[in-house]
Student: 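Structure provided below as structure tokens; questions to follow.
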Amino acid sequence: MTDRTAAVPPSLPAPRPHAIRRLRRAVRAPLKHCLLALCALTMLYPVLWMVVSSLRPNSQIFRSAGLAITHPRFENYSNGWNAFSQPFSHYMINSAIVVTGAILGNLLACSLAAYAFARLEFKAKRVWFAIMLVTIMLPVHVIIVPQYVLYSELGWVNTFLPLIVPKFLATDAFFIFLMVQFIRGIPREIDEAARIDGAGHARIFFHVILPLMVPALATTAIFTFIWTWNDFYTQLIYLTDPDMYTTPLALRTFVDQQSATDWGSVFAMSVVSLVPVFLVFLAGQRFLLRGIATTGGK
């Protein structure tokens, strides 16, 4: 009788688990990077197309969706810069004034309000905090009419005051909530140690809490800069004099319903207006990531 086991071929050794994991990581990493690169290119394509269109003549801007440039037209930048009675830098300075006031107001007022909600004890504290959170969901279109009536009675229309003064009254509830969550992550023992040394709430806030809030303050400043610099609706309501226009309103002035629009100049000045936003985000992205990552953490 023949031995059947001798005819059975030897089985292959089973692959080791760690070898399979290494193979999966080796395959997964390039696919992940390719997918991220594709998503990044998809998101950056409109910006790249705008930059390319700023160097094209008007007759070629909307004819192709590609990014190739045959004959760059740098005159679009000079034409757009000097298209109005004032150079385009005038409108950028107006935007800088509004942005600077809004940043200072949010940093000061929102941080004080956040310290009060996070550290002080007062009557109906939770109720007021809930009301503050509800205002985040309140659309600006609901309050714009009574605000306009109020500012018109004060004589603030066609000035920068309606765009700056409310920031000093802690009207941005989102930043208050962000700072409250950040302050709650700071140990109370630090406050108690300062109080033992004789420090009051003002000294504790300015000398203890505020230096530790740099990531949250930087996050507030960056978001305030971006949102205020790109704001169109509110500035359109309150600014009527062309000399008071900010960058978004100046860009809108390029589009004329009665005559042909110089789209090359529009895209050229759009690129110029994006440069400050890009530089601010590039300079503060380290603090922005830290502020978002640590907000709400204990």
Student: Atom CZ of R252 and atom CG of L236: how far apart are they, to the nearest 0.5 Å?
Tutor: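 Those atoms lie 8.5 Å apart.
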Student: Honestly curious: do F278 and V99 fall in one hydrophobic cluster under the side-chain, below-4.5 Å linking rule?
Tutor: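 They do not share one cluster, since no chain of ILVMFWY contacts under 4.5 Å joins F278 to V99.
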Student: Should the pair F174 and F223 be assigned to parallel (<30°), tilted (30 to 60°) or perpendicular (>60°) ring geometry?
Tutor: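 It falls in the perpendicular class, over 60°.
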Student: Using every non-hydrogen atom in the two residues, find where T247 and M92 come nearest and quote the distance to one decimal.
Tutor: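 Nearest pair, atom of T247 first, then M92: OG1-CA, 3.5 Å.
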Student: Answer yes or no for R184 and F177: cation-pi contact, defined as NZ/CZ to six-membered ring centre under 6.0 Å and angle to ring axis within 45°.
Tutor: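 No, a cation-pi geometry is absent between R184 and F177.
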Student: Are L212 and I190 side-chain neighbours, meaning at least one heavy-atom pair lies under 4.5 Å?
Tutor: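 The answer is yes; the side chains approach within 4.5 Å.
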Student: Is it true that L161 and V145 fall in one hydrophobic cluster, defined by side-chain heavy atoms closer than 4.5 Å?
Tutor: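 Same cluster.
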Student: Determine whether Y115 and I204 make a side-chain contact, defined as any pair of heavy atoms from C-beta on separated by less than 4.5 Å.
Tutor: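 In contact.
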Student: Please work out which of the three classes, parallel, tilted or perpendicular, describes the rings of F88 and W81, given edges at 30° and 60°.
Tutor: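 W81 vs F88 ring planes: tilted.
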Student: Answer yes or no: are there more than 12 heavy-atom neighbours, outside F281 itself, under 6.0 Å from its atom CZ?
Tutor: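 Check fails, neighbour count at 12 or below.
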Student: Between CH2 of W128 and NZ of K123, what distance do you get to the nearest 0.5 Å?
Tutor: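 Output value for this atom pair is 11.0 Å.
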Student: Do any N or O atoms from the side chain of Q235 and from the backbone of L163 form a donor-acceptor pair under 3.5 angstrom?
Tutor: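 Checking the backbone N and O of L163 against the side chain of Q235, no donor-acceptor pair under 3.5 Å is found.
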Student: From L138 CG over to L133 CG, what is the distance, rounded to the nearest 0.5 angstrom?
Tutor: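 So the gap between those two atoms works out to 13.0 Å.
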Student: Heavy atoms only: give me the nearest R56-N76 pair and the separation to one decimal.
Tutor: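 That would be O-ND2, 3.0 Å.
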Student: Heavy atoms only: give me the nearest R203-A199 pair and the separation to one decimal.
Tutor: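 Nearest pair, atom of R203 first, then A199: CD-CB, 3.8 Å.
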Student: Any luck finding a side-chain donor-acceptor pair between N79 and D262 under 3.5 Å?
Tutor: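 Looking only at side-chain atoms, D262 and N79 do not form any donor-acceptor pair under 3.5 Å.
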Student: Determine the interplanar angle of the F84 and Y91 rings, folded into 0 to 90°, and report it as parallel if under 30°, tilted if 30 to 60°, perpendicular if over 60°.
Tutor: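 Because their plane-to-plane angle is over 60°, the rings of F84 and Y91 count as perpendicular.
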Student: Answer with yes or no whether the hydrophobic clustering places M213 together with L120; edges join I, L, V, M, F, W, Y residues whose side-chain heavy atoms lie under 4.5 Å apart.
Tutor: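 M213 clusters together with L120.
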Student: Do K167 and L108 pass the side chain to side chain contact (heavy atoms under 4.5 Å, CB included) test, and can you show the C-alpha distance, the side-chain angles, and the key distance before you say yes or no?
Tutor: CA-CA 9 Å; K167 305 299 181 181; L108 178 62; over 6 Å; no
Student: Measuring only between side-chain heavy atoms, which start at C-beta, is L249 closer than 4.5 Å to T246?
Tutor: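 Of all side-chain heavy-atom pairs linking T246 with L249, at least one is under 4.5 Å.
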Student: Just so I know, are the side chains of I143 and Y148 near enough to count as touching, which here means a heavy-atom distance under 4.5 Å?
Tutor: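 I143 vs Y148: side chains apart.
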Student: Between F117 and F122, how do the two ring planes meet: parallel, tilted or perpendicular, split at 30° and 60°?
Tutor: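 Ring orientation, 0 to 90° scale: tilted.
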Student: Side-chain contact test, heavy atoms from C-beta onward, threshold under 4.5 Å: evaluate it for S111 versus F205 and give yes or no.
Tutor: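 Touching, per the 4.5 Å side-chain cut-off.
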Student: Considering non-hydrogen atoms only, spot the tightest contact between D191 and R119 and give its length.
Tutor: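 Shortest heavy-atom separation between D191 and R119 comes out as OD2-NE, 2.5 Å.
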Student: So R188 and E192, salt bridge (charged side-chain N to carboxylate O under 4.0 Å, His left out) or not? Walk me through it.
Tutor: CA-CA 6 Å; R188 286 183 175 268; E192 296 173 358; over 6 Å; no
Student: What heavy-atom pair brings L251 and M269 nearest, and what distance separates the two atoms?
Tutor: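 The pair with the smallest heavy-atom distance is CD2-CB, 3.6 Å.
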Student: What residue among T224, T171, T220 forms side chain to side chain donor-acceptor pair (under 3.5 Å) with N106?
Tutor: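 With N106 as partner, T224, T171, T220 yield a single side chain to side chain donor-acceptor pair (under 3.5 Å), made by T224.
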Student: Closer than 3.5 angstrom, by distance alone: can the side chain of T135 be matched with the main-chain N or O of M132 as a donor-acceptor pair?
Tutor: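 Looks like yes, one N/O pair under 3.5 Å.
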Student: Is any side-chain heavy atom of Y77 closer than 4.5 Å to a side-chain heavy atom of V271?
Tutor: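 A side-chain contact exists here, since the closest heavy-atom pair is under 4.5 Å.
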Student: Is there a path of hydrophobic side-chain contacts, each under 4.5 Å between heavy atoms of I, L, V, M, F, W or Y residues, that connects F74 with I69?
Tutor: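 As far as the 4.5 Å side-chain criterion goes, I69 and F74 are connected within one cluster.
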Student: Is it the case that more than 12 heavy atoms not belonging to F232 sit under 6.0 Å from its CZ atom?
Tutor: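 More than 12 within 6.0 Å, yes.
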Student: Report yes if the side chains of S54 and S265 come closer than 4.5 Å at any heavy-atom pair, otherwise no.
Tutor: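 With C-beta onward as the side chain, the pair stays apart.
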Student: If we ignore hydrogens and angles and just use 3.5 Å, is the side chain of N158 paired with the main-chain N or O of D241 as donor and acceptor?
Tutor: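 At least one qualifying donor-acceptor pair exists.
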Student: Quick check: do I61 and W49 have side-chain heavy atoms less than 4.5 Å from each other?
Tutor: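 Yes, their side chains come closer than 4.5 Å.
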Student: Quick one: do W229 and Y233 end up in the same hydrophobic cluster if we chain Ile, Leu, Val, Met, Phe, Trp and Tyr together by side-chain heavy atoms under 4.5 Å apart?
Tutor: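 Linked, W229 and Y233 end up in one cluster.
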Student: Working to the nearest 0.5 Å, report the span between CZ of R195 and CD of E189.
Tutor: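 The distance works out to 11.5 Å.
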Student: Is the distance between the ring centroids of F175 and W227 under 6.0 Å?
Tutor: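 Ring-ring flag for W227/F175: true, centres closer than 6.0 Å.
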Student: How long is the span from the CD1 atom in I136 to the CG atom in D172, to the nearest 0.5 Å?
Tutor: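 The CD1 atom of I136 sits 9.5 Å away from the CG atom of D172.
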Student: Starting from the C-alpha separation in whole Å, work towards a yes-or-no answer on ring-ring contact (aromatic ring centres under 6.0 Å, His included) for F62 and W263.
Tutor: CA-CA 10 Å; F62 298 106; W263 291 107; 5.6 Å; yes
Student: Shortest non-hydrogen contact from F168 to I164?
Tutor: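 The pair with the smallest heavy-atom distance is CD1-O, 3.5 Å.
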Student: Yes or no on side chain to side chain contact (heavy atoms under 4.5 Å, CB included) for N94 and F160, after CA distance, side-chain angles and deciding distance?
Tutor: CA-CA 9 Å; N94 289 343; F160 296 144; 3.8 Å; yes
Student: I would like to know whether T234 and Y238 meet side chain to side chain contact (heavy atoms under 4.5 Å, CB included); could you show each step before the answer?
Tutor: CA-CA 7 Å; T234 307; Y238 294 116; 3.6 Å; yes
Student: Begin from the C-alpha positions of M50 and L274 and carry the test side chain to side chain contact (heavy atoms under 4.5 Å, CB included) through to its verdict.
Tutor: CA-CA 11 Å; M50 182 179 65; L274 281 179; 3.1 Å; yes
Student: What's the spacing between L48 CG and L67 CG if we round to 0.5 Å?
Tutor: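 So the gap between those two atoms works out to 6.0 Å.
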